[in-house]
Trainee: 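Can you keep this structure in mind? I'll have questions shortly.
Numbers restart at 1 for each chain; the letters A, B, ... are given by sequence-line order, proteins then strands.
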Amino acid sequence: MTGNNQERYNPRESEPHWQKVWDERQSFVVSDEDEREKYYVLEMFPYPSGRCHVGHARNYTMGDVLARYKRANGFNVLHPMGWDAFGMPAENAAIKNNAHPKTWTHQNIASMKDQLKSMGFSFDWTREIATCDPEYYEHQQRLFLDFLKNDLVYRKSSKVNWDPVDHTVLANEQVIDGRGWRSGALVEQKELTQWFFKITDFAEDLLESIDTLEDWPEKVRIMQKNWIGKSEGLTVRWALDPETAPEGHCDLEVYTTRPDTIFGASFMAVAADHPLAQAAAKNNPELEEFIKECRRMGTSVAALETAEKRGFNTGIHVKHPFDDNWTLPVYVANFVLMDYGTGAIFGCPSGDQRDLDFARKYDLPVKAVVLPEGEDAATFEIDDVAYTGTGVMINSSFLDGMSPTEAFDEVANRLGNVDINGNVQAERRVNYRLRDWGFSRQRYWGCPIPVVYCDNCGIVPEADENLPVELPEDVSFDKPGNPLDHHPTWKDTTCPNCDAPARRETDTLDTFVDSSWYFARFTAPTASTPTVTDTADAWLPVDQYIGGVEHAILHLLYSRGFARAMKICGHLNVTEPFKGLFTQGMVTHETYKTSQGDWVSPEELKFEGTGDDRKAIHLQSGEELKIGSIEKMSKSKLNVIDMTAMAESFGADATRWFVLSDSPPERDVQWTEAGIEGVWRYVQKLWRLVDDANAIISSEEDGSAENFDSEALLKAAHKAVAQVSESYENLRFNRAIAHLYDLTNTLSKAVSAIKLAPTHKERAALRTATDFLVKLCNPIVPHVTETCWARLNKDSILADEAWPVADESYLKEDSIILPVQVNGKRRGEIEVAKDLPKEQVEDAALSLDAVSRILDGKSPKKVIVVPGRIVNVVV
RNA sequence: GCGGACGUGGUGAAAUUGGUAAACACAAGGGACUUAAAAUCCCUCGCCUUAAUCGGCUUACGGGUUCAAGUCCCGUCGUCCGCACCA
């Protein structure tokens with residue numbers, strides 16, 4: 001390092017400067033007319049919670065690096081940004097601070113947009129959309145009406161969490177230990193008629209097409225497959241014992257994927273909402289109380305399934321399909337879901353852990369019916385672990401000796417021919433775990449559902465010319481419940497059909513609807529129809545979609561379902577909206593709470609002590625805070641670190657580099673600022689190094705003596721181009737950074753090796769290596785590299801420059817170093833020509849001192865030569 | 001409870017996907033330069049043993065497959081994400 005330059009790179013000056021230059025030149029504004037090949041990079045758009053946090057920084061930096069890299073590679077890159085702007089926090093702010101959701105949201109958007117701009121992200125801001133703007137949701141309403149016309153949405157009754165004190169519907173998140181978060185009242189389940197999107201129409205296609213999503217992470221594909229949950233089973237009708245059957249009920253239909261275990265059945269269980277349970281409860285107050293208790297559990301599956309398994313014997317009995325004299329009790333059980341299958345099961349304790357736990361609890365028989373290989377039928381017993389594997393049927397009458405698969409078919413065939421109360425007793429049925437998407441919300445801050453209820457005409461779609469159905473602004477949040485419903489006049493309208501007075505739908509759409517098609521709207525953000533089909537087809541699918549793993553199922557599945565529905569309605573022609581998916585790891589942080597249970601932000605506390613004695617002290621009150629678990633950064637838990645706080649001290653470039661360095665992008669990271677000083681030093685070093693190199697490059701004098709190996713420098717430079725390009729291509733940003741450090745170190749050594757006037761060759765090598773380094777770093781640190789580029793006397797800006805190309809001839813290695821192992825342990829290494837024949841490699845390895853010492857004159861048992869990799873001598 | 005992942009030095013991690021474990025960094029320690037500090041540069045840095053080399057051990061834990069395992073298989077423990085009204 002010559003180190004004679006005492007100047008420093010100043011991001012405070014350079015960053016706004018280059019942002020202005022890019023802005024003025026419209027460097028990132030993309031045109032539909034461009035002839036070059038398209039590339040659509042999209043990061044999941046943010047909810048405008050107020051400020052961007054470092055998790056956002058990680059997400060958007062990844063997308064930006066890819067966008068800039070692809071642009072330099074000659075693609076016409078679409079890289080838009082917008083706002084997922086409807087949602088509960090805006091209403092909560094309205095209740096808490098008396099801020100109107102619209103004002104609150106727009107202020108947040110303005111502030112977050114400033115933050116994003118200051119980070120130098122290459123978004124095409126001319127395409128910005130906010131889902132809460134009528135210009136956006138008008139088209140969403142159009143989509144809704146098209147779906148309605150095409151039979152893709154419908155109404156049905158379903159359950160919500162009901163707060164009986166606040167008279168309001170609660171989100172699962174607002175139910176804490178079975179109580180409403182504000183009122184503290186025990187939550188009840190309540191039936192409401194709501195709007196549903198028929199995503200199950202696409203279940204089979206959504207499942208099958210997963211195999212075509214080759215650029216998706218395997219884990220997401222597995223999760224979606226499991227979520228759709230296709231199973232092939234049997235519905236079986238069990239005759240009720242007439243003695244015990246409630247009036248009007250003669251059989252009970254269950255769904256099972258294991259009809260082979262039918263002789264292991266020991267009880268029946270139905271959901272609390274099952275008609276048979278309802279009927280049985282009519283003259284059984286205790287059962288009625290039990291059912292009521294089940295309804296107090298909230299609606300989330302996680303809550304239901306983690307609750308203690310409980311059942312209530314209804315006194316009803318069923319007859320076993322293969323034995324009239326065998327009756328089984330019918331229970332109402334809190335773990336049976338009305339939504340899945342038929343809402344009723346038969347319990348086979350030996351073959352299902354949950355059934356076994358239930359049987360042990362209520363002292364029901366446990367009979368093994370599948371014998372694992374290697375066990376003896378006479379002694380095999382189920383203790384407290386159910387056996388779910390395969391084997392041979394036992395204790396199962398005519399099924400004995402069959403495999404479970406054969407037994408499945410046998411049961412299906414036999415019962416398929418039996419008539420019970422006018423129906424076949426058993427039918428094969430393909431079942432999906434996937435349910436239709438209930439997307440009505442009883443809230444204000446969402447897209448109004450454009451339908452009208454007319455006493456004459458019933459449910460009437462709003463006329464197209466009346467769209468958008470706009471949210472009223474004069475709403476009050478004084479009382480709980482849906483402000484749209486409370487509004488004195490808003491719901492009064494006239495029927496688009498008959499002009500009679502009518503009422504508007506007061507439910508709004510789930511915010512997941514907003515994000516299920518925004519990627520399509522970005523392709524024509526101001527069009528007077530939801531999309532312009534040709535334009536959408538030209539841009540879609542999104543080539544690389546980047547966002548958190550937490551969206552692996554719902555958002556991505558809904559979007560896939562919407563794309564199919566939009567295709568049916570003619571808005572798109574693609575089926576799969578996201579060709580490539582990258583799920584970044586979450587940025588996590590400790591959480592802190594006061595003794596009252598209020599969350600405290602990390603900015604409002606200090607630490608005392610270390611290790612086990614570490615204490616968090618609230619700055620304001622001096623109170624010792626409870627240090628909670630490490631969780632995903634979220635506004636609701638206040639464990640967020642502001643995105644630009646670091647940028648204000650160290651610059652956007654250093655922040656961008658920092659969030660990508662070290663950790664692989666798909667891995668969760670616990671946020672820490674440790675290391676940012678090192679990045680700051682690197683940015684300074686890069687700038688200084690370019691400056692020093694430039695001084696040498698631009699000197700006119702050619703020396704005659706070599707200062708450094710210029711061939712080696714060129715080799716390193718070209719190798720870096722290959723490695724860094726490959727890393728960007730595969731979104732392995734941490735590896736790209738390691739390679740960039742390597743090239744920087746090599747270049748830096750060359751520059752500081754210059755003691756005499758450099759030769760012409762040396763200056764040429766330095767020029768190439770320096771240009772490459774600056775270009776390779778540019779996607780991550782675009783501001784400082786533009787400054788460097790200008791320093792190198794270039795008359796272009798880097799944003800317009802093409803990506804460097806590695807010269808293959810520099811990438812070849814003539815000789816390689818092979819490690820030599822003896823019995824799998826490394827004992828030495830040999831340097832050999834790259835294509836040296838195996839025998840000669842073997843000889844070279846055996847002649848190593850370390851090897852011959854161990855061999856001690858004996859000949860080896862075997863020598864394994866893996867070309868280009870390793871030699872292993874087995875003794 | 002169910003589904004999906006992850007676990008490597010003081011720290012973040014790398015390992016061409018079964019082939020030299022610890023690349024590249026951060027932190028720490030030592031040194032050079034300086035009146036001093038900052039900045040910068042050089043050196044050391046998994047553990048044990050040794051003056052140093054040599055040697056031995058080491059990828060959460062316990063088994064297994066293989067010439068060879070961080071990587072594949074089985075089990076255990078821990079952490080995180082999702083579970084349909086948070087976004």
Trainee: Compare side-chain N and O positions of A/Ser663 against OP1 and OP2 of B/A13 and report whether any pair is under 4.0 Å apart.
Mentor: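 So the side chain of A/Ser663 is within the cut-off, an N or O lying under 4.0 Å from OP1 or OP2 of B/A13.
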Trainee: When you measure from the side-chain N and O atoms of A/Arg441 to the phosphate of B/A87, is any distance below 4.0 Å, counting only OP1 and OP2?
Mentor: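 Checking B/A87 against A/Arg441, no side-chain N or O comes under 4.0 Å of OP1 or OP2.
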Trainee: Classify A/Gln723 by what it touches in the nucleic acid, base, sugar-phosphate, or nothing, heavy-atom distance under 4.0 Å.
Mentor: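 Result for A/Gln723 = nothing.
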Trainee: Within the structure, does a side-chain N or O atom of A/Asn92 lie under 4.0 Å from either OP1 or OP2 of B/C86?
Mentor: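 It does not, given that no N or O in the side chain of A/Asn92 lies less than 4.0 Å from OP1 or OP2 of B/C86.
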Trainee: Does A/Gly438 reach a base, just sugar-phosphate, or nothing at all? Heavy atoms under 4.0 Å.
Mentor: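 Here A/Gly438 touches the backbone only, sparing every base.
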Trainee: Do A/Glu726 and A/Arg732 meet the salt-bridge criterion of a basic N to acidic O distance under 4.0 Å?
Mentor: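 Salt bridge: no.
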Trainee: Under a 3.5 Å limit for both distances, which nucleotide forms a Watson-Crick or G-U wobble pair with B/C24, could you say?
Mentor: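 Paired with B/G12.
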Trainee: Using the P atom on both, measure B/C6 against B/G56 and round to a whole Å.
Mentor: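 Pairwise P distance, B/C6 against B/G56, rounds to 33 Å.
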Trainee: Please confirm whether the ring centroid of A/Trp195 lies under 6.0 Å from the ring centroid of A/Phe439.
Mentor: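 For A/Trp195 and A/Phe439, the ring centres are not under 6.0 Å apart.
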Trainee: Which one, B/U40, B/U20, B/G19, comes nearest to the side chain of A/Arg681?
Mentor: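 Closest nucleotide to the A/Arg681 side chain: B/U40.
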Trainee: Is there a Watson-Crick or G-U wobble partner for B/C83 with both distances under 3.5 Å, and which nucleotide is it?
Mentor: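 Across all strands, the one nucleotide that pairs with B/C83 is B/G1.
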Trainee: Suppose you measure atom P in B/C57 against the same atom in B/G70; what distance do you get, rounded to whole Å?
Mentor: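 It works out to 13 Å between them.
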Trainee: Starting the side chain at C-beta, find the nucleotide from B/U16, B/G4, B/A13 nearest to A/Asn226.
Mentor: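 So the side chain of A/Asn226 is nearest to B/G4.
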Trainee: Under a 3.5 Å cut-off for both distances, is B/A36 Watson-Crick or wobble paired, and to whom?
Mentor: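 Across all strands, not a single nucleotide pairs with B/A36.
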Trainee: Given B/C80, B/G1, B/C86, which nucleotide is nearest the side-chain atoms of A/Met88?
Mentor: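 So the side chain of A/Met88 is nearest to B/C86.
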Trainee: Return no unless some side-chain N or O of A/Asn734 is found under 4.0 Å from OP1 or OP2 of B/C24.
Mentor: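 No, outside the criterion.
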Trainee: Of the nucleotides B/C80, B/C83, B/U16, which has the atom closest to the A/Val301 side chain?
Mentor: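 So the side chain of A/Val301 is nearest to B/C83.
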Trainee: Regarding A/Glu631 and A/Lys637, does a basic nitrogen lie under 4.0 Å from an acidic carboxylate oxygen?
Mentor: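 The answer is yes: the pair qualifies as a salt bridge.
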Trainee: For A/Arg827, which contact category applies under a 4.0 Å heavy-atom criterion: base, sugar-phosphate, or nothing?
Mentor: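 Sugar-phosphate contact only - A/Arg827 comes under 4.0 Å of backbone atoms but never of a base.
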Trainee: To the nearest Å, how far apart are A/Asn172 CG and B/G82 P?
Mentor: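 In whole Å, B/G82 P and A/Asn172 CG are 13 Å from each other.
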Trainee: Of the listed nucleotides (B/U20, B/G19, B/C83), which one gets closest to any side-chain atom of A/Asn872?
Mentor: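 For A/Asn872, the side-chain atoms sit closest to B/G19.
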Trainee: For A/Val873, answer base if it contacts any base atom (sugar-phosphate contacts may also be present), sugar-phosphate if it contacts only those atoms, and nothing otherwise; contact means non-hydrogen atoms under 4.0 Å.
Mentor: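 Answer is nothing: A/Val873 stays at 4.0 Å or more from every strand.
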Trainee: Please tell me which of the listed nucleotides, B/C80, B/G4, B/C86, lies nearest to the side chain of A/Ser629?
Mentor: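 Closest nucleotide among those given: B/C80.
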Trainee: Ignoring backbone atoms, test whether A/Arg732 places a side-chain nitrogen or oxygen under 4.0 Å from the OP1 or OP2 oxygen of B/U16.
Mentor: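 Answer no for this pair, as no side-chain N or O of A/Arg732 is under 4.0 Å from OP1 or OP2.
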Trainee: RNA chain B: A/Leu434 or A/Ile630, which has the more 5' nearest nucleotide?
Mentor: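 Of the two residues, A/Ile630 wins.
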Trainee: Both A/Tyr47 and A/Lys632 contact RNA chain B. Which one's nearest nucleotide lies toward the 5' end?
Mentor: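 Its nearest nucleotide lies further toward 5', so the answer is A/Lys632.
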Trainee: Checking ring-ring contact (aromatic ring centres under 6.0 Å, His included) against A/Tyr558, which of A/Tyr518, A/Phe512, A/Trp227 comes through?
Mentor: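 When A/Tyr518, A/Phe512, A/Trp227 are each tested with A/Tyr558, the ring-ring contact (aromatic ring centres under 6.0 Å, His included) holds only for A/Phe512.
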Trainee: Is it true that A/Lys159 and A/Glu188 make a salt bridge, defined as a side-chain N closer than 4.0 Å to a carboxylate O?
Mentor: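 Looking at A/Glu188 together with A/Lys159, the answer is no, because their closest N to O distance does not fall below 4.0 Å.
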Trainee: Looking across every strand, which nucleic acid part, if any, lies under 4.0 Å from A/Phe335 by heavy atom: base, sugar-phosphate, or nothing?
Mentor: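 A/Phe335: no heavy atom of the nucleic acid under 4.0 Å.
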Trainee: May I ask you to say what A/Val169 touches in the nucleic acid, namely base, sugar-phosphate or nothing, with a heavy-atom cut-off under 4.0 Å?
Mentor: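 Since a base atom lies under 4.0 Å of A/Val169, the category is base.
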Trainee: Side chain of A/Glu305 only, please: which of B/G3, B/C2, B/A84 is the nearest?
Mentor: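 When the side chain of A/Glu305 is considered, B/C2 is the closest of B/G3, B/C2, B/A84.
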Trainee: Strictly by Watson-Crick or wobble contacts shorter than 3.5 Å, is anything paired with B/C6, and which nucleotide is it?
Mentor: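 B/C6 is paired with B/G78.
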Trainee: Identify whether any heavy atom of A/Asp339 sits under 4.0 Å from a base atom; if not, whether one sits that close to sugar-phosphate; answer base, sugar-phosphate or nothing.
Mentor: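 Answer is nothing: A/Asp339 stays at 4.0 Å or more from every strand.
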Trainee: Taking only N and O in the side chain of A/Lys825, is any of them less than 4.0 Å away from OP1 or OP2 of B/U58?
Mentor: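 For A/Lys825, the contact criterion (side-chain N or O under 4.0 Å from OP1 or OP2 of B/U58) is not met.
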Trainee: Can you tell me which residue among A/Arg441, A/Lys156, A/Gln442, A/Arg155 is in a side-chain hydrogen bond (donor to acceptor under 3.5 Å, both in side chains) with A/Gln194?
Mentor: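 So, applying the side-chain hydrogen bond (donor to acceptor under 3.5 Å, both in side chains) to A/Gln194 and each of A/Arg441, A/Lys156, A/Gln442, A/Arg155, only A/Gln442 qualifies.
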Trainee: I'd like to know if A/Gln174 reaches the base of B/C85 with its side chain such that a donor and an acceptor end up less than 3.5 angstrom apart.
Mentor: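 Between B/C85 and A/Gln174, which were checked side chain against base, a qualifying N/O pair under 3.5 Å is absent.
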Trainee: Look at the side chain of A/Asp352 and the backbone N and O of A/Thr388, then say whether any donor-acceptor pair between them is shorter than 3.5 Å.
Mentor: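 Judged by distance alone, no pair lies under 3.5 Å.
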Trainee: Would you classify A/Pro664 as touching base, sugar-phosphate or nothing, given that sugar-phosphate means primed atoms plus P, OP1 and OP2, and contacts are heavy atoms under 4.0 Å?
Mentor: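 Sugar-phosphate: the residue A/Pro664, judged by heavy atoms under 4.0 Å, touches backbone atoms but no base.
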Trainee: Heavy atoms only, 4.0 Å cut-off, all strands: where does A/Ala552 land among base, sugar-phosphate and nothing?
Mentor: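 Counting heavy atoms under 4.0 Å across all strands, no contact is made by A/Ala552.
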Trainee: Tell me what A/Gln353 touches on the nucleic acid: a base, only sugar-phosphate, or nothing, going by heavy atoms under 4.0 Å.
Mentor: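 Contact class for A/Gln353: none.
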Trainee: NA contact type, A/Thr306, heavy-atom cut-off 4.0 Å: base, sugar-phosphate, or nothing?
Mentor: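 Here A/Thr306 touches the bases of the nucleic acid.
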Trainee: Taking the minimum atom-to-atom distance to the side chain of A/Glu550, which one of B/C81, B/C83, B/C67 wins?
Mentor: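 Nearest nucleotide to the side chain: B/C81.
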Trainee: Under 4.0 Å, heavy atoms only, any strand: does A/Met586 hit a base, just the sugar-phosphate, or nothing?
Mentor: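 Sugar-phosphate only.
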Trainee: Taking pairing as Watson-Crick or G-U wobble with both contacts under 3.5 Å, can you name the mate of B/C41, or confirm there isn't one?
Mentor: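 Pair assignment: B/C41 / B/G31.
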Trainee: Is there a side-chain contact between A/Tyr682 and A/Phe658, using heavy atoms and a 4.5 Å cut-off?
Mentor: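 Of all side-chain heavy-atom pairs linking A/Phe658 with A/Tyr682, none is under 4.5 Å.
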Trainee: What nucleotide among B/A25, B/A13, B/C80 has an atom nearest to a side-chain atom of A/Tyr741?
Mentor: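 Nearest to the side-chain atoms of A/Tyr741, counting from C-beta on, is B/A25.
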Trainee: Please determine, for the side chain of A/Ile870, which listed nucleotide (B/U20, B/A84, B/C81) has the closest atom?
Mentor: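 Closest of the options to the side chain of A/Ile870: B/U20.
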Trainee: NA contact type, A/Ile864, heavy-atom cut-off 4.0 Å: base, sugar-phosphate, or nothing?
Mentor: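 Result for A/Ile864 = base.
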Trainee: How far does the C1' atom of B/A5 sit from the matching atom of B/A21, given to the nearest Å?
Mentor: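 Going atom to atom, C1' in each nucleotide, I get 23 Å.
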Trainee: Identify whether the distance between the nearest side-chain nitrogen and carboxylate oxygen of A/Lys198 and A/Asp436 falls below 4.0 Å.
Mentor: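 Result for this pair is no, no salt bridge flagged.
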Trainee: Is the shortest side-chain N/O distance from A/Arg667 to OP1 or OP2 of B/G7 below 4.0 Å?
Mentor: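 Looking at the OP1 and OP2 atoms of B/G7, one of them is under 4.0 Å from a side-chain N or O of A/Arg667.
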